Amino acid sequence: MTQIDIEGLVKTYEASEDHDVEGNEIVAVDHVDLQIRDEEFLVLVGPSGCGKTTLLRCIAGLESITDGDLRFNGDQVNHLRASERDVAMVFQNYALYPHMTVRENLGFGLKLSTKLPSDDIDRQVVSIAELMGIEDLLPKKPGELSGGQQQRVALGRAIVREPEVFLMDEPLSNLDAKLRSEMRTEIQELQNELGVTTVYVTHDQTEAMAMGDRIAVVNDGRLQQVGVPEELYRNPTNEFVADFIGSPSINLISMDIEGNRLVSEFGFEYEFSDYQVDDVATVRLGIRPEDLEIDSGGTDIEISVVEKMGNENFIYGKLGDKEIVARTDASIRPETGDRVGISFRDEAAYLFDAQSGTALKTKTDTLNAPQTQL
Amino acid sequence: MSSESIVKLSDRLRFQRQRFKEVMPTIPGTAYIFLAPFFITFVLFLAFPIFYTVYLSFFTYQGVASDPLFWVQFGNVYLEIPKIASLEFVGLANYQRLLRDSVFHQSMFNTIYVFAIELPLMVGLALGLAVVLNAGFTRFKGVFRSLMLLPVSANTVAYSVVFVVIVAEGGLLDFIFQLFGIAPLNWLGNGFWSRNLMAFMVVWRWTGYNMIIILAGLQTISESLYEAAEIDGASRLQKFRYITIPQLKPVLLFVLVTTTIGSFKKFSEPTILIGAGAPVKETRTVVYYIYEVAFQNLQLGYGSALTVVLVGIVMSLSVIQLKWS
Amino acid sequence: MHEKSKTEALWRFGGYGFLIAAALFMIVPIYWIVIASTLPQSAILSSSGALPQLLPGGHFVENFQALQSRQYVNFMSSVWNSIFIAIVYTVLALILCSMAGFAFAKYEFRFKKSIFAGILATLIIPVNLLVIPLFLVMSTANMTNTYAAVILPWAAYPVGIFFMRQSMQAIPDALLESARMDGASEFQLFYRVAIPSMRSSMAALAVILFLFQWNMFLWPLVVLDTDKFTIPVAITKIMGQQVVAFDQLMVASAVAILPMFVVFLALQKYFVRGILSGAVKE
C-alpha cells in the first residue's frame with residue numbers, strides 16, 4: 001500500500017580511471033521526477049547504462065541519494081537503510097544464499113526482521129512455496145536448482161516478507177526465451193493478486209510494453225517519458241522514445257523543409273495534405289513498419305531482404321541509401337531485387353525536430369486493425 | 001672444398017636428418033624424461049626416507065660415540081652428531097617405550113598447549129584483519145597488507161632471537177610494561193610463560209600469511225549476497241554470521257589444517273628459547289625432543305618411532321578436521 | 001550502501017584501531033631489530049626503568065666487527081653460504097618442478113595418476129621429520145657437510161610441482177600443437193613455449209623456494225659443519241657460546257632478516273600469487 005514519490009533525484013559517482021569523463025563525476029541519475037502509484041506495476045526501461053538500475057537501487061537503499069527526495073507514502077526515506085525501508089528485491093542473478101536450503105533462503109528475511117516464532121515463519125514459507133510451485137524444492141540448495149527454479153525462489157523470497165514495495169532488477173534476463181515469456185505472465189498475475197507496488201527494470205521494450213501498467217523510459221540518467229504503453233507508442237515525446245518503443249523500430253528519415261514539402265536528399269518527397277510544418281529547418285519523418293503499405297502507386301523501394309515470420313513478413317528495402325522496413329501480411333512476398341511501391345497515411349506519420357528530437361507531430365489516426373505483435 | 005659443395009653437403013645432411021625424424025616415432029617416453037629428475041630426487045630423498053623411517057622404528061639403532069662429526073653447545077644443551085653403528089631389530093619395543101615415556105608426553109603437551117593458544121589468536125586476528133582490509137572504508141590497504149605479511153619472510157631462528165632479546169630482563173618489553181604500569185613478567189624463567197611466549201611468537205610470524213588467504217576468500221564472496229541480506233534486514237553482525245562465515249568455510253578449513261600441521265613442526269623457536277634459558281621440560285616441543293633423542297642420545301630407532309607416531313597424529317588430526325567440516 | 005552515520009563511525013573507528021594495533025604488534029620487533037643492532041650491549045637492556053635508546057645508535061659497525069671476530073664462527077661466511085645455497089637450490093628446484101609440472105600438465109603416460117597421488121600423499125608429511133633417515137642416507141653416501149646435502153633433498157618440492165602443473169595447465173594446448181607441427185622437439189616446446197608463458201608463476205615459486213631454503217634450520221644444523229654453516233646455525237652457535245652477547249646477536253639477526261625484508265617487499269606480489277593459487281583452491 002505504498003506510493004513512491006521521487007523528486008529531483010540525483011545520483012552521482014566519483015569517476016575512477018576506467019571511466020571516460022570530463023570533470024570528476026559521473027551523473028548516473030539526472031534530476032528524475034516520478035510518481036509511482038499505490039499497487040502500480042511500473043516498468044523502468046532503457047538501454048544499457050541509462051541509469052535505470054541505479055535509480056532502482058536508490059529506491060531500494062543500496063545506493064545513497066546524492067540530491068533530491070525519495071518518499072514512501074509521504075515520508076522521506078533518503079536516510080533510511082535498505083533494511084529499514086520494508087522493500088524486497090529480486091536480483092538479476094537471483095543472489096540466493098548458496099549455503100542455505102530453499103526453505104532457509106525463503107525464511108531468512110522473516111527470521112531477521114520479524115519476531116515471529118519459527119513455526120509461524122515455517123508456515124509462511126511453505127505457503128509461499130506452494131504459491132510459487134516450489135514446495136518440492138524446499139530441502140534443496142540453490143546450486144541444485146535450474147535457472148527457472150532459482151528465479152522462482154528469488155521471487156518467493158521477495159514475496160514472503162510481504163513488503164511495501166517490490167523491486168525487480170531484470171529478473172528474467174538470464175532465462176531462455178520460452179521460460180521468459182512464461183514467467184512474464186506469472187509475475188504479472190502475482191502482482192495483480194498481491195497488489196504490491198512494483199518497480200521493474202528491464203532493457204527489453206517488449207517486456208516493458210507487455211508488463212507495465214505504466215512505463216518510464218530512461219536515457220542517459222534522464223527520464224524521457226512516463227505513460228501507459230499505448231501513450232508511449234502513439235505519442236512519444238521525442239525521437240528516442242519513438243525509436244526505443246516498437247519492434248521492429250520506427251523508420252526515421254531526415255528531411256529538409258521547402259515550403260509545404262518535405263524533401264529528402266535522395267529525392268524522396270512528401271507533402272502532408274492537411275498538416276503544416278512550423279518554422280523548423282530540418283525534421284525527421286517517422287513511420288512505423290506496421291503503417292507502411294505496399295502500394296504500387298507509392299514511392300519505389302528496392303527490396304533487399306524479406307523475413308518471413310509465418311504470420312507476417314518483414315520487408316527490408318532501400319529508399320535511396322536509407323534502409324526501410326515494412327511489416328506486412330504473410331501473403332505479400334516480393335523477391336530480393338524487386339522494386340515495390342510503399343505508401344503511408346498522413347495520420348500515421350510522426351515528425352521530429354531533427355536537432356532536439358522533440359516530437360512535432362504524433363499519430364493522430366484512430367486505432368487501426370490489431371497489431372499482431374508489438 | 002668449394003663453397004658450393006659445402007652447401008650441398010649440409011643440405012644432404014639436413015635432408016637425411018629430417019627423413020630420419022619422420023621415420024622414427026616420437027619417443028613415447030618424453031614425459032618420463034621430463035619427469036625423471038624430479039622423480040628420482042623425490043624417490044631418493046622424500047619417498048624412500050618415509051619408508052625408511054617406518055622401517056627404522058622397529059629397530060634400535062644406537063650410535064657409537066667415536067669422534068663426533070661436530071658438536072654444538074648452547075645454554076644447557078650439548079648436541080653432538082657422531083658416526084653411526086649397530087642396528088638391532090626390536091619389534092614394537094620402541095612404540096611401547098613411547099607410551100610410557102613421560103618426557104614425550106610432556107613434550108606433546110607443550111606442543112598442544114602452544115597450538116591451543118596460537119590457533120584461536122592467529123585465526124581470529126587474521127580473520128578480523130582480513131575483514132577490515134576488505135571493507136570499503138579502509139585506506140592504505142596496500143601498506144597494511146605488506147606490513148602484516150613481512151614477518152612471514154623472517155628467518156625463524158633470527159626472529160626467535162629478536163624476541164628473546166625483547167623479552168629478556170630489562171629488555172624492550174619490560175620497558176613497555178612499565179609504561180603501562182604492569183609488572184614485568186619473567187618470560188624465560190618459567191614454563192607457563194615460555195609456552196605462551198612461543199604462541200605469541202608464532203602468531204606474530206604467521207598471521208599475515210593466513211590473513212592473505214582469508215582475504216582472498218573474502219573477495220570471492222559476491223557483493224549481491226550482502227545486498228540481498230541487507231534488503232532482508234540483516235545488520236552488519238548478522239551479515240558476518242550468516243553470509244561471511246559460511247562462505248568462508250572452505251578457506252577457514254584450509255587455514256585450520258595448515259596451521260595444525262605447522263604447529264607440530266616447531267623447532268627453531270624452542271631451540272632458541274631453551275638456549276636462552278627457558279626451562280627445557282616445559283618448553284620442548286615434540287620435534288625438539290625427537291632431535292634430542294636422535295642426535296643427542298643417538299637413538300635413531302626410537303627417534304624414528306617417535307616421528308612415525310607424530311606424523312600419524314598430525315595426519316589423523318587433519319583427517320578429523322576435514323571430516324568435521 | 002546507505003549507512004546510519006553513528007554506528008558506522010563506530011565501526012570505522014574500531015576497524016582502524018584494530019588494524020593499527022595489529023600493525024604496531026607487527027612493527028615492534030622489526031623496529032627493535034633495526035635499532036638494537038646499532039646499539040652497544042649496555043643500551044639494549046636497560047635496568048630499572050631507564051629509558052632505552054629508541055633511536056639508532058652508531059654502534060652497528062662495532063657490533064658487526066665483534067661478531068665477525070668470534071672464534072669458531074665466521075659469520076660472514078655463513079651469510080655467503082646461506083645465499084649461495086638458497087640461490088642454487090631455487091634454481092635447481094625450479095628446473096625440476098617445472099619440468100615435472102610440464103609433464104603432468106601436458107602429457108598422458110602410464111602410472112600418471114598413481115605417481116601424482118603418491119606425491120600428493122607426501123604433502124601432509126611435515127618436511128622436518130625426514131631428518132633422521134636423510135641423515136643416514138647422507139652419511140652412508142659420505143655426503144655430510146656438503147652443499148649438495150642441504151640442497152638436494154628438498155629439490156623435489158611437492159608444492160612446487162603442484163603449482164607448476166596448475167600454472168602449466170593454463171597454457172593452451174593449441175599453442176603446443178602448432179609448435180609441434182612447426183617441427184619443434186618436445187624439449188624445445190618446453191623451453192621455448194611453456195617457460196616464457198610461465199614467468200610470473202615461476203617468479204612466485206622462486207620466492208617461495210628461496211624463503212623455504214633461507215629459513216631452514218633443523219636440517220642444516222644436523223648435516224653441516226662449521227665451514228658450511230648457514231646463518232641460522234651460526235646464530236645458534238653464537239648463542240651457545242655466550243648468551244648475553246645481545247648486541248652481536250642483534251646484528252646477526254638483522255643481517256638475516258632485514259635484507260630479506262627488502263627483497264620480500266619488492267617481490268611480495270609474486271609470493272601472494274604463490275600462496276593463493278595453492279591455497280584458496282581448496
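So you know, we letter chains A, B, ... as the sequences are listed, proteins then strands, and number each from 1. Note that the structure is predicted; figures quoted are calculated from it, not measured.
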query = How long is the span from the CZ atom in C:Arg273 to the CD1 atom in B:Ile212, to the nearest 0.5 Å?
reply = 14.5 Å

key: C:Ile30 side, atom CD1; B:Leu147 side, atom CG - distance, nearest 0.5 Å   = 6.0 Å

Any heavy-atom pair between the side chains of [Y] and [X] that's under 4.5 Å?
X: B:Ile290; Y: C:Ile132; value: yes
X: B:Thr156; Y: C:Pro232; value: no
X: B:Phe45; Y: C:Met138; value: yes

request  = Counting only heavy atoms closer than 4.5 Å, note whether B:Phe39 contacts chain C via side chain, backbone, both or neither.
outcome  = side chain

ask   = Using non-hydrogen atoms only, which part of B:Leu56 is less than 4.5 Å away from chain C: side chain, backbone, both, or neither?
value =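 The side chain, not the backbone.
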
Quick check on [X] against chain B: is it the side chain, the backbone, both or neither that has a heavy atom closer than 4.5 Å?
X: C:Leu211; result: side chain
X: C:Phe210; result: neither
X: C:Phe102; result: side chain
X: C:Phe261; result: both

What residue, out of [options], has the most heavy-atom pairs lying under 4.5 Å from chain C?
options: B:Phe48, B:Trp204, B:Tyr55; answer: B:Trp204
options: B:Thr53, B:Val152, B:Leu129; answer: B:Leu129
options: B:Ser153, B:Ser268, B:Ala154, B:Pro37; answer: B:Ser153
options: B:Phe267, B:Phe264, B:Phe51; answer: B:Phe267

ask   = Can you list the steps and then say if B:Leu35 with C:Met99 is a side-chain contact (heavy atoms from CB on, under 4.5 Å)?
value = CA-CA 6 Å; B:Leu35 193 50; C:Met99 281 173 68; over 6 Å; no

task = Just give me the residue among C:Ile119, C:Ile231, C:Ile33 that pairs up with chain B most often, heavy atom to heavy atom, under 4.5 Å.
result = C:Ile119

ask   = Between C:Gly101, C:Ala256, C:Ala23, which shows the greatest number of heavy-atom pairs under 4.5 Å with chain B?
value =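 If we count pairs closer than 4.5 Å to chain B, C:Ala23 comes out on top.
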
task = May I ask you to decide if the ring planes of C:Phe271 and B:Tyr209 are parallel, tilted or perpendicular, using 30° and 60° as cut-offs?
result = tilted

request  = Classify the angle between the aromatic ring planes of B:Phe34 and C:Phe190 as parallel (below 30°), tilted (30 to 60°) or perpendicular (above 60°).
outcome  = tilted

query = Taking only residues two or more places apart in sequence, or in another chain, which ones meet B:Pro49 in a side-chain contact (heavy atoms from CB on, under 4.5 Å)?
reply = C:Leu130, C:Pro133, C:Leu134

task = Identify, with sequence neighbours excluded, every residue that meets side-chain contact (heavy atoms from CB on, under 4.5 Å) alongside B:Ala47.
result =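 Counting only residues at least two positions away or on another chain, B:Ala47 forms a side-chain contact (heavy atoms from CB on, under 4.5 Å) with B:Phe42.
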
ask   = Should C:Val131 and B:Tyr291 be marked as a side-chain contact (heavy atoms from CB on, under 4.5 Å) after you check the CA-CA gap, both sets of side-chain angles, and the distance that decides it?
value = CA-CA 9 Å; C:Val131 167; B:Tyr291 177 74; 5.9 Å; no

ask   = Would a distance-only check, ignoring hydrogens and angles, find a side-chain to backbone donor-acceptor pair under 3.5 Å from B:Asn155 to C:Trp214?
value =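 Checked: pair present.
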
Steps toward side-chain contact (heavy atoms from CB on, under 4.5 Å) verdict (C:Met26, B:Phe144) = CA-CA 10 Å; C:Met26 297 293 164; B:Phe144 280 113; over 6 Å; no

inquiry  = Using side-chain contact (heavy atoms from CB on, under 4.5 Å), reason through B:Tyr159 and C:Ser253 one step at a time and then give a plain yes or no.
reply    = CA-CA 7 Å; B:Tyr159 100 92; C:Ser253 302; over 6 Å; no

